[in-house]
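Protein chains get the first letters and strands the later ones, always in sequence-line order, with residue 1 at the start of each.
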2 protein chains.
Amino acid sequence: MEVITLTGVTDSATAKGEQTRELILSTALRLFREQGYGKTTMRAIANEAGVSVGNAYYYYGSKDHLMQAYYDLLQDQHREAVEPILATEKAFVPRLAGVLRTWLDVSAPYHEFAGTLFKTAADPRSPLSPFSEESRPARDASVEVFRRVVDGSDLKLAADLKAELPELLWLLQMGVVLFWVHDQSEDVRRSRALIDRAVPLVDRLLRLTRIPGVRGVTNDIVGLINSIKP
Amino acid sequence: MEVITLTGVTDSATAKGEQTRELILSTALRLFREQGYGKTTMRAIANEAGVSVGNAYYYYGSKDHLMQAYYDLLQDQHREAVEPILATEKAFVPRLAGVLRTWLDVSAPYHEFAGTLFKTAADPRSPLSPFSEESRPARDASVEVFRRVVDGSDLKLAADLKAELPELLWLLQMGVVLFWVHDQSEDVRRSRALIDRAVPLVDRLLRLTRIPGVRGVTNDIVGLINSIKP
DNA sequence: CCCACTTCTTGAACACGTTCAACTCTTCCT
DNA sequence: AGGAAGAGTTGAACGTGTTCAAGAAGTGGG
C-alpha cells in the first residue's frame with residue numbers, strides 16, 4: 001500500500017506498517033525512559049510491543065537507530081521549550097544562557113541515558129555523530145535556534161562574524177553537553193555554573209572583536225572554522 | 001611467588017602469571033593491528049595466545065582494558081618521537097606544530113582503529129575517558145609534554161597564563177584528535193592543514209593577551225577553566 | 001476469484017563479550 | 001613430605017544485538 005497525500009508524503013499514519021513502526025518506537029522510548037538504554041533489550045522491546053524481534057529490525061536497522069529517534073525527540077522538545085525565551089528576551093546574554101539552560105532542563109531526565117547516547121554519537125561511523133551527514137537536518141535545526149538567539153538580540157557585531165556566530169554557539173553547546181555528560185554533581189549544578197560563567201564571557205569576547213588588533217585574529221579564526229567545516 | 005627486586009617492584013618478568021599477562025596483551029595488540037579492533041574477538045585472542053578465554057579475563061577485565069593498553073603504548077611512542085623536536089627546536093610555533101604533527105604520524109597506522117577507541121573514550125563511564133580518574137596518569141604525562149613545549153620555548157607570557165597553558169594546549173590536541181578521527185581525506189591532509197593554520201593562530205592569540213583590555217578576559221577564561229577542572 | 005507480487009512478520013540461529021564453578025598447579029609452612 | 005592456601009587456568013553457559021530463510025498477510029491485475 002502506498003497512500004500519497006496532498007503533501008506528497010506517504011501517509012504513514014494509516015498504513016499498517018507505519019502503525020507497527022510507531023508502536024515499536026514508542027515502546028522502545030518508554031522502556032529506555034523506565035529502565036535505561038543499557039538494560040533495555042531488543043527482546044524486551046519486541047515482547048512489550050507484542051511483535052517479534054525480527055520485526056523490530058525490519059523497521060529499525062539497529063538499537064542505535066531507536067536511540068537516534070529518541071535523540072530527535074529531545075531536540076524537538078528543546079526547540080519548543082525555547083520559544084518563550086526567544087519571544088520575550090531581547091538581551092544577548094540571557095537569551096543564550098536561557099537556551100543553554102533549557103537544554104539542561106529538557107535533558108535532565110535522561111542524564112544516565114546520556115552517557116550511552118554520547119558514546120554512540122562519538123563514533124564517527126555512527127549516524128548519531130553530530131558531524132555525520134545523516135544528522136545534518138537535526139544539526140541544522142539546532143544551529144537555527146542559535147541563529148535566532150543572535151538575530152533577535154541586541155548584539156552589535158561585524159556582519160561576517162555575526163553570520164558565523166550561530167555555528168560557533170552550537171559548538172559551545174556541544175562543549176556544555178560534553179561537560180554535562182561527565183557532570184556527577186547534584187542537579188548538575190556544575191553544568192549550570194559553567195553556563196552562568198561562560199555566557200557572559202562569550203559576550204565579553206564578542207565585544208572585544210571590535211578592538212582593531214583583535215579583529216584580524218577574529219577573522220582568521222572564522223576563516224579557520226570555515227575551512228574545516230565541510 | 002613474590003619476587004621483590006631492588007627497585008621494590010615485583011619482578012613481573014619472571015613470575016609465571018606475568019608472562020601469561022604479557023603474552024595475552026601482545027597477542028591482542030598484534031591482532032588489533034592486523035585486523036582491527038571490531039573484528040578481533042576475545043576468542044581469537046585467547047586462541048592465538050594458546051590460552052582459554054577465561055584466562056584472558058583473569059588478567060584483563062574486559063576487551064576495553066586491552067584497548068586501554070594499546071592506547072598507552074601509543075602515548076609512549078608519541079612521547080618518544082617528540083624528543084628530537086623538544087631538544088632542538090626553540091621557537092614556540094614549530095615546537096607546538098611539531099608535537100601535534102608527530103601525534104598524527106604516530107597514530108597514522110591506527111586511523112581506522114581510532115573510531116572505536118574514540119567511541120569508547122567518549123563514554124564517561126569508561127576508564128579510557130580522557131577525563132576519568134583512571135586515565136589521569138596518561139593525561140598528566142600528555143600535559144607534561146605540552147609543559148615542555150611551553151617552557152622550552154621563547155614564548156613570553158604572564159606567569160599565571162603560562163602555568164595554565166599546557167592544559168589548554170592539551171585541550172587543543174583533543175580538538176585535533178576529534179577532527180582527525182572524522183578526517184577521511186587522503187593522508188589525513190585536512191588534519192595537517194588544521195594544525196598548520198591553528199598553531200600560528202594560537203600564537204597570535206597568546207600575544208594578544210598582552211593588550212590590557214584583553215588581559216581581563218583572559219584571566220576570566222583561565223579562571224573558568226580552572227573552576228571546571230576537578 | 002485466482003494468481004503473482006510486494007510487504008510484513010516470525011523465531012530459530014549466530015557470533016560476540018562476559019561470567020563462573022570447577023579444576024590444576026605453585027608456594028610455603030610445619 | 002604433607003597439605004592447606006593461594007594463584008592460575010579451563011571451557012561450558014549466559015545474555016546480548018543481529019541476521020535470515022521461511023512463511024503469512026495484504027494488494028492489485030486479469
Side-chain angles (χ1 to χ4, degrees), chain A residues 1-4 10-25 27-28 31-32 35-70 113 116-117 119-120 123 125-128, chain B residues 1-4 10-25 27-28 31-32 35-70 113 116-117 119-120 123 125-128:
Chain A
M1 179 200 313
E2 178 84 355
V3 186
I4 303 296
T10 302
D11 184 355
S12 55
T14 52
K16 170 146 182 241
E18 292 307 313
Q19 260 180 298
T20 311
R21 169 177 240 116
E22 276 160 28
L23 172 64
I24 290 168
L25 178 59
T27 307
L31 291 181
F32 287 165
Q35 47 184 64
Y37 181 79
K39 285 177 183 160
T40 304
T41 69
M42 291 300 284
R43 283 168 180 79
I45 294 171
N47 220 39
E48 199 80 7
V51 300
S52 70
V53 166
N55 205 2
Y57 277 92
Y58 182 76
Y59 291 104
Y60 297 93
S62 74
K63 198 180 172 188
D64 282 358
H65 281 78
L66 285 165
M67 178 155 61
Q68 168 89 289
Y70 201 18
F113 178 59
T116 314
L117 184 73
K119 168 179 174 158
T120 311
D123 189 340
R125 288 158 302 197
S126 163
L128 252 101
Chain B
M1 177 199 309
E2 177 85 357
V3 185
I4 304 295
T10 301
D11 184 355
S12 55
T14 52
K16 171 151 180 234
E18 292 307 312
Q19 261 181 298
T20 310
R21 169 177 240 116
E22 276 161 27
L23 171 64
I24 290 167
L25 179 58
T27 306
L31 291 182
F32 287 166
Q35 45 183 67
Y37 181 78
K39 285 176 184 162
T40 303
T41 69
M42 291 300 284
R43 283 168 179 81
I45 294 170
N47 221 38
E48 199 79 5
V51 300
S52 70
V53 175
N55 204 2
Y57 278 93
Y58 182 74
Y59 291 105
Y60 296 93
S62 73
K63 199 181 171 186
D64 282 358
H65 281 78
L66 285 166
M67 177 155 63
Q68 168 90 289
Y70 201 19
F113 179 59
T116 313
L117 185 73
K119 169 180 171 154
T120 311
D123 189 340
R125 287 157 303 196
S126 162
L128 253 101

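Contact annotation: the side chain of A/Y37 approaches that of A/D64 to within less than 4.5 Å [non-hydrogen atoms, C-beta and beyond]. For the pair A/I45 and A/F32, the minimum side-chain heavy-atom distance is below 4.5 Å. A heavy-atom distance below 4.5 Å is not found between the side chains of B/Y59 and B/H65.
Per the geometry, CD1 belonging to A/I45 stands 10 Å off P belonging to D/dT18, to the nearest Å. With rounding to whole Å, A/Q19 atom CD is found 17 Å from D/dA25 atom P. Rounding to whole angstrom units, CD1 of residue A/I24 and P of C/dC8 are separated by 11 Å. One interatomic measurement links the two molecules: CE of A/M42 to P of C/dA15, which rounds to 20 Å at whole-angstrom precision. Note: CG (A/N47) to C1' (D/dG17) measures 16 Å, nearest angstrom. When rounded to the nearest whole Å, the span between OH of B/Y60 and P of D/dG8 equals 13 Å. Straight-line distance from the CG atom of A/L66 to the P atom of D/dT16: 16 Å, rounded to whole Å. Between the CZ atom of B/R21 and the P atom of D/dG8 there is a distance of 9 Å, given to the nearest Å.
Residue A/Y59 is classed as a sugar-phosphate contact, given heavy-atom separations below 4.0 Å to backbone atoms only.
Contact annotation: A/T20 side-chain N/O to C/dT9 OP1/OP2 distance is under 4.0 Å. Within the 4.0 Å cut-off from OP1 or OP2 of C/dG17, at least one side-chain nitrogen or oxygen of B/K63 is found. For C/dT19, neither phosphate oxygen OP1 nor OP2 lies less than 4.0 angstrom from any side-chain nitrogen or oxygen of B/Y57.
Here the side chain of B/T40 pairs a donor or acceptor atom with the backbone of B/L31 at under 3.5 angstrom. Side chain of A/K63 to main chain of A/T41: no donor-acceptor pair is present (N/O by atom type, distance under 3.5 Å, no hydrogens or angles).
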Nucleotides 10-14 of chain C: which of its N/O atoms have a protein N/O under 3.5 Å away?
| residue | atom | partner | partner atom | Å |
| --- | --- | --- | --- | --- |
| C/dT10 | OP2 | A/S52 | N | 2.7 |
| C/dT10 | OP2 | A/S52 | OG | 3.3 |
| C/dT10 | OP2 | A/N55 | ND2 | 3.4 |

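Remark: B/L25 pairs with B/L29, B/Y60, B/L66, B/A69 by the side chain to side chain contact (heavy atoms under 4.5 Å, CB included) rule, at least two apart or across chains.
In this structure, B/T27 and B/A49 approach most closely via the heavy-atom pair OG1-CB, 3.6 Å.
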